[in-house]
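Residue numbers start from 1 in every chain, and the chains themselves are labelled A, B, ... in the order their sequence lines are given, proteins ahead of strands. These numbers were taken from a predicted model, which means no experiment stands behind them.
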Amino acid sequence: MNGVHDMGGMHGMGPVEIEVNEPVFHAHWEKRVFATRLACAYHRRWNSDINRYAVERMPPVDYLEASYYEHVLFGLETVLVEQGVVTAEELASGRAAGKADVAGVLSIDGLDTLLQNRIRARRDEKVAPKFKAGDAVMARNINPAGHTRLPRYARRRRGVIDRDFGVYVFPDTNAMNRDPKPQHLYSVRFAARELWGNAASDRDSVYVNLWDDHLDPA
Amino acid sequence: MSSHDHHHHDHHHDDEHLSEHERPLSGPALRVKALESLLIDKGLVDSKTIDGIIETFETKIGPRNGARVVARAWTDPDYKKRLMTNSRAAIAEFGFYGYGEDMVVVENTPTVRNMVVCTLCSCYPWSVLGLPPVWYKSAPYRARAVIDPRGVLNELGAPAADDVDVRVWDSTAELRYMVLPERPAGTDGWSEEQLAAIVTRDAMIGVAVVTVPEGSK
């Protein structure tokens with residue numbers, strides 16, 4: 001979706017300010033919501049693409065005002081209800097209408113395994129690649145209302161395949177209808193001048209990870 | 001709520017002076033507390049596990065892991081070769097696993113500077129750097145890293161010379177990038193531990209260079 005989350009190239013956001021000796025978390029609730037979301041991932045009721053699409057649907061003014069962990073909270077509340085894990089009434093009242101139908105909960109001993117297998121985007125099946133390193137490509141001009149990992153700044157821009165990472169789940173469909181649509185994932189190099197015009201340095205480039213369904217030969 | 005709405009226009013400016021906790025529309029602390037207890041009641045999460053996850057991310061996972069990887073790559077050419085060709089496996093040699101994501105290490109040289117960003121969300125290499133700092137997840141960096149990387153580097157005190165290529169890696173897939181910084185001059189003969197101690201998080205994101213702090217060695 002053409003949302004405010006797709007920030008690459010925007011102006012007016014202010015300076016980058018690095019906090020010296022920044023703590024891992026800044027508030028107690030940040031810790032709790034981060035860890036709660038991870039513990040919920042154990043039940044595999046959604047995938048990381050569904051979760052990202054939930055965060056992207058936060059109303060744009062709220063999204064820009066909110067901190068990262070408020071995004072996390074919004075996304076978690078959204079997927080819990082949309083995936084039928086809790087009801088909207090339970091979320092609003094804070095009272096459980098009954099136990100969830102799940103086989104156990106994450107224990108701390110299971111954390112390493114959960115972390116290692118949490119995403120699993122790479123696939124073993126053989127799918128023919130549409131491109132190879134060195135091929136000239138153009139990113140498609142798509143503007144889906146749903147989830148996509150093709151940022152606006154790269155659409156309809158010409159690039160070169162830098163490398164082929166093999167077969168991966170395609171997030172655009174995996175988020176919308178759980179269709180993993182496995183296909184090749186590439187790193188595509190775009191010259192900074194192709195993206196931003198001649199004011200950019202002719203030495204610079206931006207590498208974007210894109211899938212077969214994002215690309216046409218150029 | 002209704003009294004807040006009623007007063008909203010008259011006291012708009014007062015709202016701006018309230019802290020995040022006091023602002024009526026943002027009660028994340030309350031919402032998180034209610035959500036956690038609901039999920040415990042429903043049998044979906046365990047509060048001891050939540051404590052343990054927090055402790056893990058506060059004490060065991062963080063940029064010191066990445067610094068050890070960098071220091072080994074600087075001192076062991078065979079390791080560096082493995083790191084550059086199969087990053088996830090080479091990182092796993094330390095017991096740091098790519099957390100379900102694959103890893104790609106990109107190398108800085110005298111003529112190439114690499115910078116990592118996630119313009120669409122906040123993807124970050126947890127296994128080597130831990131959880132991302134606020135600035136990495138914030139709008140200014142996500143917006144500017146791709147269009148004005150040299151401006152960002154200048155502001156952060158790590159400018160790239162005109163004859164250096166700047167390569168920005170936008171993490172749009174389940175692949176996480178880490179920068180292998182250049183080893184600073186004056187560190188010949190240093191041990192892996194000594195080298196790891198000077199490698200910073202920001203250098204592994206690509207917005208700083210590794211330097212030898214005064215008085216170190």
Side-chain angles (χ1 to χ4, degrees), chain A residues 5-10 13-19 22 24 27 29 31-33 35-36 38-40 43 52 55 64 68-70 73 77 85-86 90 94 96 99-100 102 105-108 111 115-122 149 151 153 165 168 185 196 201 203-209, chain B residues 26 28-29 31-39 41-46 48-50 52-54 56-58 62 97 99-102 119-122 130-131 133-135 137-144 146-147 149-150 152 155-156 164-175 202:
Chain A
H5 69 282
D6 185 357
M7 290 183 170
M10 290 177 82
M13 296 297 184
V16 178
E17 287 171 346
I18 296 183
E19 179 184 344
E22 180 175 340
V24 177
W29 67 267
K31 306 180 188 189
R32 305 309 293 184
V33 74
T36 299
L38 209 49
C40 285
H43 302 296
R52 285 196 185 96
V55 175
L64 288 171
Y68 170 76
Y69 287 107
E70 288 174 292
L73 175 59
E77 289 174 337
V85 181
V86 307
E90 287 176 316
K99 291 276 179 193
V102 291
V105 295
L106 177 69
S107 71
I108 196 63
L111 179 62
L115 288 171
Q116 285 165 40
N117 299 307
R118 192 169 59 101
I119 294 178
R120 294 193 297 195
R122 195 189 172 94
R149 296 300 279 179
Y153 72 81
F165 290 110
Y168 278 72
L185 170 68
W196 314 112
S201 165
R203 305 194 68 106
D204 298 350
S205 42
V206 179
Y207 292 73
V208 186
N209 291 131
Chain B
S26 73
R31 267 163 70 203
V32 170
K33 197 173 174 190
L35 182 63
E36 185 185 339
S37 82
L38 172 65
L39 297 175
D41 290 348
K42 288 194 69 74
L44 287 158
V45 301
D46 172 75
K48 279 203 195 70
T49 305
I50 290 174
I53 292 171
I54 294 166
T56 301
F57 279 88
E58 284 189 321
Y97 293 92
Y99 289 140
E101 319 98 3
D102 285 314
T119 61
L120 296 174
C121 46
S122 306
L131 297 181
V134 167
W135 64 263
K137 301 176 285 194
S138 298
Y141 186 70
R142 286 167 55 189
R144 292 179 56 205
V146 286
I147 190 173
R150 289 174 186 267
V152 172
E155 273 176 32
L156 297 180
V164 166
D165 296 357
V166 176
R167 298 178 182 171
V168 180
W169 301 83
D170 192 354
S171 313
T172 50
E174 301 295 10
L175 283 170
D202 294 350

| When B/Leu131, B/Thr56, B/Leu35 are compared by non-hydrogen pairs under 4.5 Å with chain A, the top option | B/Leu131
| A/Ala96 versus B/Lys42, closest heavy-atom pair with distance | CB-CG, 3.6 Å
| Is the shortest heavy-atom distance from the side chain of B/Arg150 to the side chain of A/Arg203 under 4.5 Å? | yes
| query | Looking only at heavy atoms, what is the nearest atom pair of A/Cys40 and B/Val45, with distance? | reply | SG-CG1, 3.9 Å
| 4.5 Å side-chain heavy-atom contact, B/Ile53 and A/Leu111 | yes
| field | Among the listed options A/Val24, A/Val33, A/Leu73, the residue most often paired with chain B at heavy-atom distances under 4.5 Å | value | A/Leu73
| note | Value for OH (A/Tyr168) from CD (B/Glu174), rounded to nearest 0.5 Å, stands at 9.0 Å
| query | Is it the backbone or the side chain of A/Leu185 that comes under 4.5 Å from a heavy atom of chain B, or both, or neither? | reply | side chain
| note | If you tally heavy-atom pairs under 4.5 Å between each of B/Leu44, B/Asp46, B/Val134 and chain A, the highest tally belongs to B/Leu44
| Do B/Pro28 and A/Arg32 come within less than 4.5 Å of each other through their side chains, counting heavy atoms only? | no
| Looking only at heavy atoms, which two atoms of B/Asp41 and A/Lys99 are closest? And how far apart? | O-NZ, 3.1 Å
| request: Could you check which of B/Asp170, B/Leu175, B/Val166 has the highest count of heavy-atom pairs closer than 4.5 Å to chain A? | output: B/Val166
| note | For A/Pro15 and B/Arg144 the tightest heavy-atom approach is CA-NH1, 3.7 Å
| Checking A/Val16 against chain B: side chain, backbone, both or neither under 4.5 Å from a heavy atom? | both
| Does the distance from a Lys or Arg side-chain N to an Asp or Glu carboxylate O, for B/Lys137 and A/Glu19, drop under 4.0 Å? | no
| note | Heaviest contributor of heavy-atom pairs below 4.5 Å to chain A, chosen from B/Pro133, B/Pro149, B/Ser122, B/Gly62, is B/Pro133
| field | With A/Tyr69 via ring pair (Phe, Tyr, Trp, His ring centres under 6.0 Å) - residues at least two apart | value | A/Phe25
| request: Could you tell me which portion of A/Glu90 (side chain, backbone, both or neither) has an atom closer than 4.5 angstrom to a non-hydrogen atom of chain B? | output: both
| note | Bottom line for A/His43: the part with an atom under 4.5 Å from chain B's heavy atoms is side chain
| field | Nearest non-hydrogen partners of B/Glu36 and A/Thr36, listed with the distance | value | CG-OG1, 4.2 Å
| field | Residue selection (most heavy-atom pairs with chain A, distance under 4.5 Å) from B/Gly43, B/Ala34, B/Gly130 | value | B/Gly43
| task | Let me know if A/Val85 has heavy atoms under 4.5 Å from chain B in its side chain, its backbone, both or neither. | result | both
| query | Checking side chain to side chain contact (heavy atoms under 4.5 Å, CB included) for the pair A/Met7/B/Ser138: CA distance, chi angles, key distance, verdict? | reply | CA-CA 10 Å; A/Met7 290 183 170; B/Ser138 298; over 6 Å; no
| task | Go through the atoms of A/Ser201 and report whether side chain, backbone, both or neither lie under 4.5 Å from a heavy atom of chain B. | result | side chain
| Under a 4.5 Å cut-off applied to non-hydrogen side-chain atoms, are B/Arg142 and A/His5 in contact? | yes
| query | At a heavy-atom separation under 4.5 Å, does A/Val102 approach chain B through its side chain, its backbone, both, or neither? | reply | side chain
| Heavy-atom pairs under 4.5 Å with chain B, option from A/Gly94, A/Ser107, A/Gly9 with the top count | A/Gly9
| Between B/Asp202, B/Leu39, B/Leu120, B/Ile54, the one whose heavy-atom pairs under 4.5 Å with chain A are most numerous | B/Leu120
| Is there side-chain contact between A/Trp196 and B/Val146, with heavy atoms separated by less than 4.5 Å? | yes
| remark: Max heavy-atom pairs within cutoff under 4.5 Å with chain B, candidates A/Val105, A/Val55, A/Asp204, A/Asp6, goes to A/Asp204
| request: Let me know if B/Glu58 has heavy atoms under 4.5 Å from chain A in its side chain, its backbone, both or neither. | output: both
| For B/Trp135 and A/Glu22, which heavy atoms make the closest approach, and how far apart are they? | CD1-OE1, 4.5 Å
